[in-house]
Amino acid sequence: VRPVGGPLPGDKRLRGLCDALIADPASELTLADWAARVGASPRTLARLFEQELRTRFTEWRQRVRLAHAAPLIARGHSL
């Protein structure tokens with residue numbers, strides 16, 4: 001599942017974060033939490049989101065969640 005068909009990043013740190021969020025859209029980890037996990041500063045990740053994905057972390061995460069929820073809603077599952 002890609003968030004609304006959008007591209008995935010080329011940077012390996014950002015890609016790892018994005019892959020993990022796609023696998024677990026309910027994750028409540030903050031950008032600072034992810035930064036510690038992928039070995040980058042929160043500011044670096046924020047900049048990479050803007051440069052590579054043309055969006056902010058919170059907006060991208062929301063799109064991932066919506067992309068995950070839409071098929072469930074269509075099948076009548078409760079969220």
Q: Can you name the nearest heavy-atom pair linking Ala35 to Pro42, along with the distance?
A: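 Here Ala35 and Pro42 meet closest at CB-N, 3.5 Å.
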Q: Distance check, rounded to the nearest 0.5 Å: Leu53 atom CG versus Arg63 atom CZ?
A: 7.5 Å
Q: Are any of the side-chain heavy atoms of Phe49 and Leu17 separated by less than 4.5 Å?
A: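 Yes - at least one pair of side-chain heavy atoms lies under 4.5 Å apart.
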Q: To the nearest 0.5 Å, how far apart are CG in Asp33 and OG in Ser27?
A: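 Here the interatomic distance stands at 8.0 Å.
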Q: Nearest 0.5 Å, what's the CD-CD distance between Glu59 and Gln62?
A: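 The CD atom of Glu59 sits 9.5 Å away from the CD atom of Gln62.
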Q: If I take atom CG from residue Leu48 and atom CG from residue Asp11, how far apart are they, to the nearest 0.5 angstrom?
A: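 Interatomic distance, Leu48 CG to Asp11 CG, rounded to 0.5 Å: 4.5 Å.
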Q: Leu8 and Ile22: which non-hydrogen atoms are nearest, and at how many Å?
A: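 Closest approach of Leu8 to Ile22, heavy atoms only: CD2-CD1, 3.8 Å.
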Q: Considering non-hydrogen atoms only, spot the tightest contact between Arg65 and Pro25 and give its length.
A: NE-O, 2.7 Å
Q: Of all heavy-atom pairs between Phe57 and Thr30, which one has the smallest distance, and what is that distance?
A: CE2-C, 4.2 Å
Q: State, to 0.1 Å, how close Arg61 and Leu29 come at their nearest heavy-atom pair, and which atoms those are.
A: NH1-O, 3.0 Å
Q: Restricting to non-hydrogen atoms, name the atom on Trp34 and the atom on Leu45 that form the minimum distance, rounded to 0.1 Å.
A: C-CD1, 4.0 Å
Q: Assess whether atom CZ of Arg37 is packed by more than 12 heavy atoms of other residues, nucleotides or ligands within 6.0 Å.
A: no
